[in-house]
Amino acid sequence: MKNGDHLFLVDGSGFIFRAFHAIPPLNRKSDGLPVNAVSGFCNMLWKLLKDARNTDVGVTPTHFAVIFDYSSKTFRNDLYDLYKANRTAPPEDLIPQFGLIRHATRAFNLPCIEKEGYEADDLIATYSRLAEEAGADVTIVSSDKDLMQLVTGKVSMYDGMKDKQIAIPDVIEKWGVAPEKMIDLQALTGDSTDNIPGVPGIGPKTAAQLLAEYGDLDTLLSRAEEIKQVKRRENILASRELVLLSRQLVTLKNDTPLDVPLDDLILHPQDGPRLIAFLKAMEFNTLTRRVAEACDCDASAIEPAVVPVEWGAEAHGPDLDRGEAVAPSPDGGETAAEAAAVLMPTARPGEASPAGLARARAERFSGAVIDHSAYVTIRDLDTLDRWIADAREAGLVGFDTETTSLDPMQAELCGFSLAIADNRADPSGLTVRAAYVPLSHKTGVGDLLGGGLAEGQIPVRAALDRLKGLLEDRSVLKVAQNLKYDYLVMRQHGIVIVSYDDTMLMSYALDAGVTTHGMDTLSERWLGHKPIPYKDVCGSGKGAQTFDLVAIDRATAYAAEDADVTLRLWHVLKPRLAAERMTTVYERLERPLVPVLARMEERGITIDRQVLSRLSGELAQGAAAFEEEIYALAGERFNIGSPKQLGDILFGKMGLSGASKTKTGQWSTSAQVLEDLAAQGVPLARKIVDWRQLTKLKSTYTDALPGFVHPQTKRVHTSYALAATTTGRLSSSEPNLQNIPVRTAEGRKIRTAFVASPGRKLVSADYSQIELRVLAHVADIPQLRQAFADGIDIHAMTASEMFGVPVEGMPGEVRRRAKAINFGIIYGISAFGLANQLAIERSEAGEYIKKYFERFPGIKDYMDSTKAFAREHGYVETIFGRRAHYPEIRSSNPSVRAFNERAAINAPIQGSAADVIRRAMVKMEPALERAGLGARMLLQVHDELIFEIEDGEVDRAIPVIVDTMENASMPALAMKVPLKVDARAAHNWDEAH
DNA sequence: CCCCAACCGTA
DNA sequence: GTACGGTTGGGGG
């Protein structure tokens, strides 16, 4: 270090405490991790370093270090055992941030310095002295008065939070003494926060006055007798020894041993990608964007870093218990605004009870008058600011995005809309005003050169900066329809929506099985209003255009209406949750899954296109070979893929027996029928079955999957539907990754194409027999509970009970039949179905069922009582209270009724298992983070979760994953049967499964 | 171009 | 016998 250099020393530990208390703890990661101090720290570092690069502005560091306290025990404790003895433990939310700030420092490519037995202040004093001796200037980034003794002509301080420089005159102004007298002043006054004794009755003012009069502390003490004020004189004389001790304590040690030499503090260039990876992991979206701009990086191409979090001893994570107090929950947490908002509008007579309010709301909102001409197009920032301010004031806002694609991973934002219930104008909540903010609408429809940006739109960056403030404000409840979509779209712009409700999920929690949950359906059902069809705005089929090409007036009517309708739906559905006691289901099983699934979809999974392409060729060859043989056997060429043509050939032309008809009267050519024919010795039938298998694998998988590889991420991003099934299961589409083949060897080859990225493994963790375990729990069957407790083969046990065959040496066929019965039970067994499955007579199947019910009477009771419950209430419930509705269960049509009864028997079993894995998924990310693991959950396949995990982490991650899944029901519900999870790691999905 | 039936992949 | 989604063929407009 040389003359003219400039060393910045950041008091990291001091900053943590200051930032933690100064910045409100609103600033959490989406998983609930508090990062307010980290956020303040990163912003401050960025500001310091940014100015540093801009040589026109301020001072430019050549050397830089961030200094931390190593631990609470230092040499000062040897001097005075009560030193800092009154310190209490840091707040819980602060604990994980100590480690994170060190990670942040390293991500900024800065030295992170601490030394056992010394405080940060001593290290700062030492570096400061050395730098000054070398002729350099020093800036200590801190506002701590303990460091002011270090200020000289070459050494100044800088308060990073107040953006204020502290030089010699500033110290004198503040404390009345020059920096070199600060030690004496502190010794006299003491410091209650550090438990440093001083002279009673002497504060900074008196101390400064005394020092001005006597020059320094030693002189003061030697001439203390001269002090005129009796009390003050006596106190000083009595405290003499303590004051000298205090002086030792407050004197910073400027010759501490250093592990990192001064010259090593030289400022290195920023490592942009590394810093962005860290900032993304912290979800500091604004800063990520700024850094990406400054270093010209594409932030979207950078994976978030894996940042281990040390939580200390305290457990953390979203609690999933019923009735437990809801801590500020990671995402859609209940806020004061939300609690207030649900009561808005003001209750009227007859609305005091939740049910009364719900009824009144439904009544008031039905037959809504929706006036498209009242919608506003927001074209300038001032108007947008007013709307956002009004939304803040209301604490509640309807929100919707308009984009160019239904696929959120491909969608480009065109604009967004806001809806506000005007509570002042109309306390009924009925008056909703809504606006559309166009951002990137184009002109020149049909212009091949592409029209330019349409006039009268706010610049995207400016508008989104304002919107971000609203969407990330925990105190404003955002209401959206199918929020996962908007969540993903906004994430692409660095915005993380917090505090939200999703009307689609509210409807799903309330009415699964009654209705679908799309906005148009809900609007017609609850508001009696048919929203403008998307087709009317954008056209369809060949004439379709993207939303950015829609004229802004037309777009406003459509888009604002969506936000308007969504907010009205919320007013109807929200009170129903409480009235129908579905709030817990909604808040614990539905809403928190939105960001979890969004992240899974965003991560995607890698597929090896070469593997698929090779397989596709093999399948084509195999199918072609079959085709020739099929034509030869049939005696003519025909479309094998046409069941109609095939049926005509088999049962018309060839006159084969064993035909059955489909419900439309056509010949059935199902696999079952063909298998039967093959068994009769019809070789053509076998070849058709085999041909179908190959062409199915080719068309549905090997040919289709590569088309889903995202052009930028090069991964496949499925879409999970949260509200598609009656039972509570998820569904997956575009592509459906929940039906990737596994049962045949040929099919399994498809799974080898699903691979981990380099240096990682795929880990598959699946529940073993979860539905039978749920059945054992809900029906409380002693033998089943015992078998699961003992880890016995459940199907063999069933066979043994039914047929009196010992488990040892049981024939495979006997076990197979018992297995089919077990599955049949879960599916709401019928003699017809079981006979079909086992290819036995219906009477024989009936005997099996009778026998089963004799051995397990509890199952019969369960099925009967479930049916009776469903008939009485029209719905059934899972163990977590989710409801599946069967409105047709009282149908006078016996087959319709029987079908609904079977579904009603199945739903609590399938649905409870679905609830369990939902809980596991919500708990998984916090559990992994708590364990300091970067494992990433990618896929869910009903009873299986697939992760991508760094090689070195796999062995540590698996127990965390297994434990989280096995204990997913806790603490809300202790199951009577243990849940068992098997997990394996491999390069591809086939080997991991 | 849209919709439905048939078929088949998964849990 | 439960719960899904995707592909193909084919009919109707």
Side-chain angles (χ1 to χ4, degrees), chain A residues 512-513 535 539-544 638-647 661-674 688-689 692-701 703-705 707-708 718-721 724-744 746-748 750-751 766-772 775 820-838 842 845 848-849 863 876 884 886 895 898-911 913-914 917 939-944 993:
Chain A
K535 277 191 260 179
S540 66
K542 202 157 162 256
F638 66 105
N639 188 342
I640 308 170
S642 163
K644 186 178 183 312
Q645 294 181 32
L646 178 61
K661 295 284 184 72
T662 67
K663 65 180 168 207
T664 54
Q666 280 192 36
W667 301 118
S668 168
T669 64
S670 69
Q672 182 62 61
V673 169
L674 296 176
I688 304 277
V689 170
R692 277 189 181 164
Q693 191 201 2
L694 300 188
T695 54
K696 170 83 172 181
L697 293 176
K698 183 167 185 291
S699 66
T700 308
Y701 303 105
D703 289 353
L705 283 172
F708 287 101
T718 185
S719 173
Y720 288 104
T725 71
T726 305
T727 54
R729 274 191 177 181
L730 305 179
S731 75
S732 155
S733 62
E734 293 182 312
N736 181 354
L737 296 186
Q738 291 180 322
N739 71 344
I740 301 303
V742 72
R743 291 176 55 213
T744 66
E746 278 300 305
R748 269 199 300 279
I750 312 272
R751 289 199 172 210
D766 67 302
Y767 284 106
S768 164
Q769 308 284 10
I770 187 170
E771 294 192 348
L772 279 175
L775 176 67
I821 295 168
N822 277 332
F823 275 96
I825 294 295
I826 289 169
Y827 298 152
I829 202 156
S830 77
F832 179 84
L834 185 62
N836 250 350
Q837 176 69 28
L838 287 177
R842 202 189 309 187
Y848 282 177
I849 294 168
M863 293 173 79
V876 289
Y886 294 93
S895 68
F899 176 80
N900 278 273
E901 286 172 352
R902 290 193 297 273
I905 288 166
N906 171 254
I909 303 168
Q910 187 185 114
I917 199 164
L939 303 178
Q940 189 249 42
V941 190
H942 307 310
D943 65 358
E944 175 189 15
H993 184 73

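In what follows, every heavy atom counts, from backbone to side chain, and hydrogens, waters and symmetry copies are set aside. In what follows, chains carry the letters A, B, and so on, assigned in the order in which the sequence lines appear, proteins first and then strands, with residues in each chain numbered from 1. Worth saying up front: this structure is predicted, and the values here are computed from it rather than measured.
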Assess the side chains of [X] and [Y]: does a donor N or O sit below 3.5 Å from an acceptor N or O?
X: A:S830; Y: A:R842; result: no
X: A:H942; Y: A:Q910; result: no
X: A:Q738; Y: A:S731; result: no
X: A:T718; Y: A:S732; result: yes

Just to be sure I understand the rule, does [X] reach a base, reach only the sugar-phosphate, or reach nothing, if contact means heavy atoms closer than 4.0 Å?
X: A:A820; answer: base
X: A:T669; answer: sugar-phosphate
X: A:A671; answer: sugar-phosphate
X: A:A704; answer: sugar-phosphate
X: A:I829; answer: base
X: A:S830; answer: base

Check whether any side-chain nitrogen or oxygen of [X] sits under 4.0 Å from OP1 or OP2 of [N], and answer yes or no.
X: A:T664; N: B:dA6; result: yes
X: A:S670; N: B:dC7; result: no
X: A:S540; N: B:dC1; result: no
X: A:S731; N: C:dG5; result: yes

Can you name the closest pair of heavy atoms from A:T744 and A:Q693 and give their distance?
OG1-NE2, 3.0 Å

For the student: nearest non-hydrogen atoms of A:I825 and A:I905, plus distance
O-CG2, 4.1 Å

How long is the line joining [atom1] of [X] and [atom2] of [N], in whole Å?
X: A:N900; N: C:dA3; atom1: CG; atom2: P; result: 9 Å
X: A:K535; N: B:dC3; atom1: NZ; atom2: C1'; result: 11 Å
X: A:I640; N: B:dC8; atom1: CD1; atom2: P; result: 14 Å
X: A:L694; N: B:dC8; atom1: CG; atom2: P; result: 13 Å
X: A:L834; N: C:dT2; atom1: CG; atom2: C1'; result: 14 Å
X: A:L674; N: B:dC8; atom1: CG; atom2: C1'; result: 12 Å
X: A:K663; N: B:dC4; atom1: NZ; atom2: P; result: 12 Å
X: A:R902; N: C:dA3; atom1: CZ; atom2: P; result: 9 Å

Set of residues satisfying ring-ring contact (aromatic ring centres under 6.0 Å, His included) with respect to A:Y848, sequence neighbours excluded:
A:F803

Okay, side chain of A:S733, backbone of A:N736: is any donor-acceptor separation there less than 3.5 Å?
no

Readout for nucleotides 8-13 of chain C: B = base within 4.0 Å of protein heavy atom, S = sugar-phosphate only, - = neither; 5' to 3' it is SSSS--

Non-neighbouring partners of A:E734 that pass salt bridge (charged side-chain N to carboxylate O under 4.0 Å, His left out), sequence neighbours left out:
none

Holding to side chain to side chain contact (heavy atoms under 4.5 Å, CB included), I want the full list of residues that pass it with A:V689, two or more places apart in sequence or in another chain.
A:L674, A:E675, A:R686

Are A:K661 and A:W667 side-chain neighbours, meaning at least one heavy-atom pair lies under 4.5 Å?
yes

Any non-hydrogen side-chain atom of A:L834 less than 4.5 Å from a side-chain atom of A:F823?
no

Map every base of DNA chain C to its dot-bracket character, where paired means a Watson-Crick or G-U wobble contact with both distances under 3.5 Å and | marks a partner outside the strand.
.|||||||||||.

Under a 4.0 Å threshold between the charged nitrogen and the carboxylate oxygen, would A:K698 count as salt-bridged to A:E746?
no

Between N or O atoms, less than 3.5 Å apart, protein on one side and nucleotides 9-11 of chain B on the other: list the pairs.
unit_1: B:dG9; atom_1: N3; unit_2: A:N739; atom_2: ND2; d: 3.2
unit_1: B:dT10; atom_1: OP1; unit_2: A:V742; atom_2: N; d: 2.6
unit_1: B:dT10; atom_1: OP1; unit_2: A:R743; atom_2: N; d: 2.6
unit_1: B:dA11; atom_1: O3'; unit_2: A:D943; atom_2: N; d: 3.4
unit_1: B:dA11; atom_1: O3'; unit_2: A:D943; atom_2: OD1; d: 3.0
unit_1: B:dA11; atom_1: O3'; unit_2: A:D943; atom_2: OD2; d: 3.2
unit_1: B:dA11; atom_1: N3; unit_2: A:R729; atom_2: NH1; d: 2.9
unit_1: B:dA11; atom_1: N3; unit_2: A:R729; atom_2: NH2; d: 3.3

